[in-house]
Amino acid sequence: QVMLVESGGGLVQAGGSLRLSCAASGRTFSNYAMGWFRQAPGKEREFVAAISRSGGYTDYADSVKGRFTISRDSAKNTVYLQMNSLKPEDTAVYYCAADLDTPPFYRSRVGASYDYWGQGTQVTVSS
């Protein structure tokens with residue numbers, strides 16, 4: 001069992017920045033890849049970013065590439081999503097997810113690959 005708790009969401013003006021955190025507990029953090037997904041009202045959940053369990057490999061949705069950065073801190077069992085140059089279309093509930101027992105380089109864009117999910121944190125970007 002893995003528990004994931006997101007934090008760091010809020011209201012920000014367009015062009016601003018936020019850093020989301022996802023604290024993990026329950027199993028060895030270095031044994032699973034992590035991902036961030038988001039869901040806007042009336043839309044399907046979509047992939048945002050993912051990082052391998054080694055931390056050495058990352059992947060980003062085209063819509064956030066160059067603006068968002070995913071990272072992980074094994075000492076704190078936490079994964080981060082640094083979001084810069086935010087746009088109103090980034091408004092959504094952001095979820096972190098854990099994909100257990102993956103190869104060191106592996107990270108997935110597919111939500112169904114993930115085994116555990118956090119409760120989500122709201123990000124609202126005003127124009």
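Expressed to the nearest 0.5 Å, how far CE of M34 lies from CG of N77 amounts to 9.5 Å. Note: E89 CD to K43 NZ = 8.5 Å, rounded to the nearest 0.5 Å. To the nearest 0.5 angstrom, C96 atom SG is 12.0 Å from Y80 atom OH. How far CZ of R109 is from CG of D59: 4.0 Å, rounded to the nearest 0.5 Å.
Residues R27 and D101 meet the side-chain proximity criterion, which asks for heavy atoms closer than 4.5 Å. Using a 4.5 Å heavy-atom cutoff, the side chains of I51 and V79 are in contact. Contact annotation: the side chain of V48 approaches that of Y94 to within less than 4.5 Å [non-hydrogen atoms, C-beta and beyond]. Contact check for L86 versus Q13: no side-chain heavy atoms found under the 4.5 Å cut-off. Here the side chains of R38 and E46 are in contact, with some heavy-atom distance below 4.5 Å. With a 4.5 Å cut-off on side-chain heavy atoms, R45 and W117 count as touching. F37 is listed as a side-chain neighbour of Y114, based on a closest heavy-atom distance under 4.5 Å. Side-chain contact check for M83 versus V123: some heavy-atom pair is nearer than 4.5 Å.
The backbone N or O of K76 lies less than 3.5 Å from a partner atom in the side chain of T78, making a donor-acceptor pair. Put simply, the side chain of T28 never gets that close to the backbone of S30: no donor and acceptor are under 3.5 Å apart. In terms of modelled atom types and a separation under 3.5 Å, the side chain of E6 and the main chain of Q119 share a donor-acceptor contact.
Contact record, P88 with A14: CD-CB, 4.1 Å, taken as the closest heavy-atom pair. T121 approaches G9 most closely through the heavy-atom pair OG1-N, 3.2 Å. Looking at every heavy atom in both residues, L11 comes nearest to S126 through CD1-CB, 4.4 Å. When all heavy atoms of Y116 and V2 are compared, the closest pair comes out as CD2-O, 3.4 Å. Residues F47 and S108 come closest through the heavy atom pair CE1-O, 3.6 Å. Nearest heavy atoms, A49 versus L81: CB-CD1, 4.1 Å.
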For residues 17-25, tabulate all N or O donor-acceptor pairs below 3.5 Å that involve a side-chain atom, not counting sequence neighbours.
{"from": "S17", "atom 1": "OG", "to": "N84", "atom 2": "OD1", "distance (Å)": "2.9"}

Can I get a per-line list of side-chain donor-acceptor pairs under 3.5 Å for residues 61-72, giving both atom names and the distance, sequence neighbours left out?
{"from": "D62", "atom 1": "OD1", "to": "K65", "atom 2": "NZ", "distance (Å)": "3.3"}
{"from": "R67", "atom 1": "NH1", "to": "S85", "atom 2": "O", "distance (Å)": "2.9"}
{"from": "R67", "atom 1": "NH1", "to": "D90", "atom 2": "OD2", "distance (Å)": "2.7"}
{"from": "R67", "atom 1": "NH2", "to": "S63", "atom 2": "O", "distance (Å)": "2.9"}
{"from": "R67", "atom 1": "NH2", "to": "D90", "atom 2": "OD1", "distance (Å)": "3.0"}
{"from": "R67", "atom 1": "NH2", "to": "D90", "atom 2": "OD2", "distance (Å)": "3.4"}
{"from": "R72", "atom 1": "NH1", "to": "Y32", "atom 2": "O", "distance (Å)": "3.0"}
{"from": "R72", "atom 1": "NH1", "to": "S52", "atom 2": "O", "distance (Å)": "2.9"}
{"from": "R72", "atom 1": "NH2", "to": "F29", "atom 2": "O", "distance (Å)": "2.8"}
{"from": "R72", "atom 1": "NH2", "to": "Y32", "atom 2": "O", "distance (Å)": "3.0"}

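With hydrophobic clusters built from ILVMFWY side chains whose heavy atoms lie under 4.5 angstrom apart, V125 shares a cluster with W36.
Checked by atom type, the side-chain pair R107/Y57 shows no donor-acceptor distance below 3.5 Å.
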